[in-house]
Protein chains: 2
Amino acid sequence: MRLSTKGRYGVKAMFDLALHYGEGPVSLSHISARQDISLSYLEQLFGSLRKEGLITSSRGAQGGYELKKPPDQITVGAVLNILEGTLAPVACVSKGHSQHCAKSGECVTRRVWESIHQSVTDVVEGITLQDMVKDHLNLQPIKSPSEGASS
Amino acid sequence: MRLSTKGRYGVKAMFDLALHYGEGPVSLSHISARQDISLSYLEQLFGSLRKEGLITSSRGAQGGYELKKPPDQITVGAVLNILEGTLAPVACVSKGHSQHCAKSGECVTRRVWESIHQSVTDVVEGITLQDMVKDHLNLQPIKSPSEGASS
DNA sequence: TCAATCCTAAGTATTTTACTGGGAATTCCA
DNA sequence: TGGAATTCCCAGTAAAATACTTAGGATTGA
């Protein structure tokens, strides 16, 4: 039940974009450095995310990527679905899966997998990039030049 | 986020044991035939399940496996935890994982993975083999009033 | 022009998965 | 007592998936 690096890196990278939302395009080299992810691997992931309409790109110098929608309108689930393919624990309960076993109607294990799938889906569809940004700001120690609060 | 065959087969097989709970040992060759799982692969899985105390074995002719506890005291989660290792979507939120990244305290992605892990755990810990048996009996078309449950 | 950047496809080493095989030990039953 | 049915154990292995890297082309701003 492990998430692959695609999903993990993808969420981290999208969070990074959310953190800089509204500041113009962010280059992959910056994300690569900040989040410690291989640049060329990121290129792959962002290709998929762009094709699926989550981000827009601008080429050339000073180019980069931006979220296509505000962070509160992009869920972690959307990112994971694109990069992981599906979050179904077994193939037979995933959405695009057309052919199912003859016994699917009376299959009790299938019901278990459906429950897992549903709960995972509910969780990830319920978390937006904006939520992550908010969390981040709360967790972050406040750095104020005037106060000089140390921790 | 796929479950491996170990987890899938393991739950199916344990469900089979639950269905025959109280009828003496069930041999792997029977489970193999009924659930359509390779016998020698099942041997591997049952080795783990036995070592972890979910089932007991009796060797020799007429031997086999039995649930060590009643079906309502064995959860799907217990089975999956043994066979899948852990249900954590990323290593850093799994239980036995001691070393964590320096930033774990302020890691927002980690919180996402924790939420997923928690929800999956809640679901699978909340389903017992008894629940599956009950479901199975409900789904099963009633065959004949005179005949009892023939499985 | 040139450097920074996106874009794409292909290649590859490593790891994981999903088994299979061989054989030893144990136990029931005829 | 012998043989069939079973668990038990460990090692091997083919195929698939993962996690990248490499190479190079296309685009754009300064």
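Computed from a predicted structure; not experimentally measured. Within every chain, numbering begins at 1; the chains are lettered A, B, ... in the order of the sequence lines, protein sequences first and strands thereafter.
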Legend entry - Contacts of type salt bridge (charged side-chain N to carboxylate O under 4.0 Å, His left out), residue A:Asp135, not counting sequence neighbours: B:Arg111
Please tabulate the protein-to-nucleotide N/O contacts below 3.5 Å involving nucleotides 14-23 of chain C, giving atom names and distances.
| unit_1 | atom_1 | unit_2 | atom_2 | d |
| --- | --- | --- | --- | --- |
| C:dA18 | OP2 | B:Thr5 | N | 2.9 |
| C:dA18 | OP2 | B:Thr5 | OG1 | 3.0 |
| C:dA18 | O5' | B:Thr5 | OG1 | 3.3 |
| C:dC19 | OP2 | B:Tyr9 | OH | 2.9 |
| C:dC19 | N4 | B:Gln44 | NE2 | 3.0 |
| C:dT20 | OP2 | B:Ser38 | OG | 2.9 |
| C:dT20 | O4 | B:Gln44 | NE2 | 2.7 |

Inset, instruction - Taking B:Ser32 for its side chain and B:Ile37 for its backbone only, find out whether a donor-acceptor pair lies under 3.5 Å. - result: yes
Legend entry - Integer-rounded Å distance: C:dT5 P and A:Ile55 CD1: 16 Å
Legend entry - Pairs satisfying side chain to side chain donor-acceptor pair (under 3.5 Å), at least one member in residues 3-15 of chain B, at least two apart: B:Ser4-B:Glu84, B:Thr5-B:Tyr41
Legend entry - With sequence neighbours excluded, residues passing side chain to side chain contact (heavy atoms under 4.5 Å, CB included) with B:Ser29: B:Ser27
Inset, instruction - Sort and list the pairs that fulfil salt bridge (Lys or Arg N to Asp or Glu O under 4.0 Å) and have at least one residue in residues 112-134 of chain B, not counting sequence neighbours. - result: B:Arg110-B:Glu114
Inset, instruction - Quick one: list whatever passes side chain to side chain contact (heavy atoms under 4.5 Å, CB included) with A:Ala88, sequence neighbours left out. - result: A:Thr86, A:Val93, A:Ser94, A:His117
Inset, instruction - Determine which pairs satisfy side chain to side chain donor-acceptor pair (under 3.5 Å) with at least one residue from residues 50-63 of chain B, sequence neighbours left out, and list them in order. - result: none
Inset, instruction - Report which part of the nucleic acid B:Tyr65 touches: base, sugar-phosphate, or nothing (heavy-atom distance under 4.0 Å, all strands). - result: sugar-phosphate
Legend entry - Summary of ring pair (Phe, Tyr, Trp, His ring centres under 6.0 Å) pairs that have at least one residue in residues 69-93 of chain A, sequence neighbours excluded: none
Legend entry - Any residue of residues 76-88 of chain B with a heavy atom less than 4.0 Å from an atom of DNA chain C: none
Legend entry - Where at least one partner belongs to residues 23-36 of chain A, residue pairs that pass salt bridge (Lys or Arg N to Asp or Glu O under 4.0 Å), sequence neighbours excluded: A:Asp16-A:Arg34
Inset, instruction - Mind checking B:Gly47 for me? I need base, sugar-phosphate or nothing, with any heavy atom below 4.0 Å counting as a touch. - result: nothing
Using a cutoff of under 3.5 Å, can you pull out all pairs of nitrogen or oxygen atoms linking the protein to nucleotides 28-30 of chain D, with atom names and distances?
| unit_1 | atom_1 | unit_2 | atom_2 | d |
| --- | --- | --- | --- | --- |
| D:dT28 | O2 | A:Ala61 | N | 3.2 |

Inset, instruction - Using the test side chain to side chain contact (heavy atoms under 4.5 Å, CB included), find all partners of B:Ala33 that sit at least two apart in sequence or belong to another chain. - result: none
